[in-house]
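Data first, discussion second: the structure below is written as structure tokens.
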Amino acid sequence: MAKGEASDGTAATPATSTVVEELPKTIVRRVVKEKLFQLSSASSKKIKSGEVGDEEMMLHKDALIAFSESARIFIHYLSATANDICKESKRQTINAEDVFKALDDMEFTEFIQPLRDSLEEFRKKNAGRKSGTKGNGGTKKRKSEEELPDKDENEGNAYEENY
């Protein structure tokens with residue numbers, strides 16, 4: 001048996017290593033900087049000074065990691081709470097209302113209305129995209145259907161019923 005292999009011949013993973021899902025650092029950096037810019041520009045409007053908030057906010061690497069880890073933990077906690085709500089309703093699919101209820105249960109009620117507004121805006125944008133693609137009238141065939149030779153209609157129906 002080679003070093004690093006389990007007794008069954010597969011690669012063994014060390015007991016000390018765990019897989020940690022990381023959020024993309026560029027996205028975390030962008031979100032944090034956008035929020036900091038909003039806060040600094042709001043405070044500069046109150047002060048009415050052109051100097052405050054004009055410089056770009058720098059983030060230390062450790063701060064970026066802390067933001068990323070905090071967001072990851074929050075997402076896991078929110079997901080677990082929404083999953084519990086979904087299971088209580090005897091369903092297997094988490095929907096947006098489960099997430100809203102989870103935020104309420106976690107006492108993050110101030111996030112619910114902005115999230116509802118953002119979701120509504122997202123749905124409106126996607127409704128426009130979907131209506132644009134439905135204009136084909138269903139004439140678009142799957143690649144596998146285009147490659148199949150023409151069959152008798154009875155044979156095609158039998159395939160569709162079994163599929």
Side-chain angles (χ1 to χ4, degrees), residues 1-46 52-136 138 140 142-144 160-163:
M1 180 173 16
K3 185 178 180 180
E5 286 187 356
S7 60
D8 63 354
T10 60
T13 57
T16 58
S17 73
T18 58
V19 176
V20 176
E21 307 89 15
E22 288 187 18
L23 296 174
K25 290 179 182 160
T26 55
I27 293 174
V28 173
R29 180 182 295 117
R30 179 176 44 95
V31 169
V32 170
K33 284 192 171 194
E34 284 175 5
K35 188 61 180 175
L36 291 174
F37 178 76
Q38 289 173 355
L39 293 172
S40 68
S41 64
S43 66
S44 68
K45 288 178 185 176
K46 291 178 185 176
V52 178
D54 286 344
E55 70 269 357
E56 184 178 338
M57 177 64 72
M58 300 299 291
L59 289 174
H60 193 274
K61 182 180 177 182
D62 290 342
L64 187 62
I65 292 170
F67 278 118
S68 180
E69 185 65 12
S70 299
R72 187 184 68 79
I73 291 169
F74 178 78
I75 290 168
H76 282 204
Y77 181 45
L78 180 60
S79 300
T81 306
N83 188 44
D84 291 344
I85 292 167
C86 183
K87 285 183 178 181
E88 287 172 5
S89 301
K90 296 182 171 84
R91 291 181 286 111
Q92 293 183 343
T93 304
I94 298 172
N95 60 33
E97 288 302 318
D98 296 328
V99 176
F100 299 142
K101 177 78 170 92
L103 286 169
D104 187 44
D105 288 357
M106 294 166 48
E107 299 180 3
F108 285 102
T109 55
E110 67 274 10
F111 292 163
I112 296 172
Q113 192 56 49
L115 181 58
R116 283 187 190 276
D117 296 342
S118 178
L119 181 61
E120 184 63 30
E121 183 180 325
F122 175 79
R123 286 177 175 165
K124 285 179 183 176
K125 283 181 183 177
N126 281 342
R129 289 181 187 167
K130 286 182 181 179
S131 65
T133 58
K134 288 183 179 178
N136 293 343
K140 189 174 181 181
R142 292 188 309 208
K143 187 175 182 179
S144 61
E160 291 175 9
E161 289 173 6
N162 291 333
Y163 187 68

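Excluded from the calculations below are hydrogen atoms, water molecules and symmetry mates; all remaining heavy atoms, backbone and side chain alike, are included. Remember, it's a predicted structure, so these values are computed and weren't measured experimentally.
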Fill in the blank from the handout: Heavy atoms of Ser70 and Ala66 approach each other most closely as OG-O, 2.7 Å
Exercise for the section: Please report the closest heavy-atom contact between Leu23 and Ala71, naming both atoms and the distance. Expected result: CD1-CB, 3.4 Å
Handout entry: Heavy-atom closest contact (Ala102 atom, Ala82 atom, distance)
Key = CB-N, 3.6 Å
Problem - Heavy-atom donor-acceptor pair, Ser118 side chain to Pro114 backbone, under 3.5 Å - result: no
Exercise for the section: Return the set of residues passing side-chain contact (heavy atoms from CB on, under 4.5 Å) with Leu115 (not counting sequence neighbours), or none when no residue passes. Expected result: Val99, Phe100, Leu103
Practice task
State which residues pass side-chain contact (heavy atoms from CB on, under 4.5 Å) with Arg30; sequence neighbours excluded, sorted by chain then number.
Solution key: Ile27, Glu34
Problem - Non-neighbouring partners of Lys125 that pass salt bridge (charged side-chain N to carboxylate O under 4.0 Å, His left out), sequence neighbours left out - result: Glu121
Completion exercise
Minimal heavy-atom distance between Ala96 and Arg123, with the atoms involved, is CB-NH2, 4.2 Å
Fill in the blank from the handout: ring-ring contact (aromatic ring centres under 6.0 Å, His included) pairs touching residues 65-87, sequence neighbours excluded, are Phe74-Phe108
Practice task
With sequence neighbours left out, write down each residue that passes side-chain contact (heavy atoms from CB on, under 4.5 Å) with Lys25, or none if nothing qualifies.
Solution key: Glu22, Leu64
Handout entry: side chain to side chain donor-acceptor pair (under 3.5 Å) pairs, two or more places apart, involving residues 94-117
Key = Arg91-Asp98, Glu97-Arg116, Lys101-Asp105, Gln113-Asp117
